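I have placed the structure first, in the form of structure tokens, so that the comments after it can refer back to it.
When reading the values below, keep in mind they use all heavy atoms of this one structure, side chains included, and skip hydrogens, waters and symmetry mates. A quick note: this is a predicted structure, and the numbers were derived from the prediction, not measured. Per chain, numbering begins at 1; letters A, B, ... match sequence-line order.
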Number of protein chains: 2
Amino acid sequence: MKPRAASTQRRTRIQKENEQIILESALEVFSTNGFRGSTVDQIAKAAGMSKPNLLYYFRRKEDMHQALLDRLLTNWLAPLEEMDADGEPIEEICKYIRRKLQMAQEYPRESRLFANEILQGAPHIKQQLEGALRNLVDEKSGLIENWISRGKIAKCNPRHLIFSIWATTQHYADFDVQICAILAEEERIEMRFEDAAKMLEQLYVDGLKI
Amino acid sequence: MKPRAASTQRRTRIQKENEQIILESALEVFSTNGFRGSTVDQIAKAAGMSKPNLLYYFRRKEDMHQALLDRLLTNWLAPLEEMDADGEPIEEICKYIRRKLQMAQEYPRESRLFANEILQGAPHIKQQLEGALRNLVDEKSGLIENWISRGKIAKCNPRHLIFSIWATTQHYADFDVQICAILAEEERIEMRFEDAAKMLEQLYVDGLKI
DNA sequence: TTAAGATTTTTCCAACTGGTAAAAATTTGT
DNA sequence: ACAAATTTTTACCAGTTGGAAAAATCTTAA
């Protein structure tokens, strides 16, 4: 018998294992080819199983993609959520940058999956962007504006400040090939994340202090 | 008779016209779906002609893609090339940011085409990245290092400085959907490029001045 | 005007696509 | 051990894909 929606029904050991393997493979494939550019066969091969067997666990290609995006979005919002209104403002922003940079380093495929989805018009997560993400950004923008009005950091547009942090940090995951092409043969390529952190901290500390 | 490689042979009026129309349509389709996610039929339909007719001008799907990338790379390097060693350093960097931001605004599809290509591992332009792009970045990094050693701007890693400018400016083209989702219902959404310019200039002016 | 060349349409195809159905094999609870 | 449930394999399909071949139509220079 076919398993039902993974969430409501209790799942067997094999089911849990294979779903993990499949999602891991799907992440690999989707993140490098985008949704439409990926085939179920590719994912099945990466997962070491036949296509019909894979489709026994995820009945549609879209189901895998959606499962990945759902899982991703929670982790994606976490670093910003941690930004603390009671912390030292500049330090809070630096900590946020470091967390984001660490995520780009540790989860580059997730970053690319997200980038692919957005690039292609966010057809599968537009409503989360307009909902959860927007609300979180609104909240943290208020927080930043409060820091500004209390004279803790320089006046600036909080949303664009957040955009610039997203851009600079995710860039190291999404554009990794380009960065490696440019830094190749430089001895500092292995330290690109430390160098990036240093550069960005300097930029934001000096750019935001009163 | 089939036309040969467009560059060497003289081309008719119709040929020139249709190649333009096709490349315009291909840009539209490739930039939103990526290479593998786009179909020749989609492009043909967008160009208002039949698939075999389109294939008369570009014998392979890849040829259109390559033609677009080739054309793109020249324009892509231009803004950085204009960075002038004899100019006022901070002002030169600000001008570079403004040019890049303007390109993101005027040519978002080109930016997305490029982003898609890089995201997917740059299979079609890796050698240009390691050649022309790398050389240009090397040259301009030297220039920036010179500014630093002459005490004109704060010490920083020139390559990562350039990366951060690429990231922040291209972000407004590549992640436009996300930005619009977040800024929606804000009255300032129409001014997002002006707001971005202001934010970024502040960041880089204060972040780089001695 | 007319023939050579350029362009477009029609017809086709083999490979690949996402997905189904059912049989076969395996695992599991008792 | 054994029946029930789960998992895997085999065989299949209709639609789409990139692309080739050739016939039909249109342009253009002499």
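B/Q15 places its CD atom 8 Å from the C1' atom of C/dA6, with the value rounded to the nearest Å. Spacing between atom NZ of B/K61 and atom P of C/dA15 amounts to 18 Å, rounded to whole angstrom units. Rounded to whole angstrom, the span from the NE2 atom of A/H65 across to the P atom of C/dG19 amounts to 13 Å. Rounded to whole Å, the distance from CG on A/L54 to C1' on C/dG18 is 12 Å. One atom, CG of B/L55, and another, P of D/dA21, lie 13 Å apart when rounded to the nearest Å. When the P atom of C/dT28 is taken as reference, atom CD of A/E17 falls 9 Å away, rounded to whole Å. To the nearest angstrom, C1' of D/dG19 lies 16 Å from OH of B/Y56. Atoms CZ (A/R60) and P (C/dT17) sit 19 Å apart, rounded to a whole Å.
Considering only side-chain N and O atoms, A/N53 lies nowhere under 4.0 angstrom from the phosphate OP1 or OP2 of D/dT10. Between C/dA6 and B/N18, no contact under 4.0 Å exists linking OP1 or OP2 to a side-chain N or O.
Against DNA chain C, the stretch residues 31-52 of chain B makes heavy-atom approaches under 4.0 Å through B/S50, B/P52.
Across A/L113 and A/S31, no two heavy atoms sit closer than the pair N-CB, 3.9 Å. Considering all non-hydrogen atoms of both residues, B/T168 and B/I165 come closest at OG1-O, 3.2 Å. Contact between B/F30 and B/K61 at its shortest, heavy atoms only, is CZ-O, 4.0 Å.
Partners of B/E106 according to the salt bridge (Lys or Arg N to Asp or Glu O under 4.0 Å) rule, which considers only residues two or more places apart in sequence or in another chain, do not exist here.
In this structure, A/I162 and A/I144 have side chains that are in contact, with non-hydrogen atoms separated by less than 4.5 Å.
The aromatic ring centres of B/F193 and A/H160 sit 6.0 Å or more apart.
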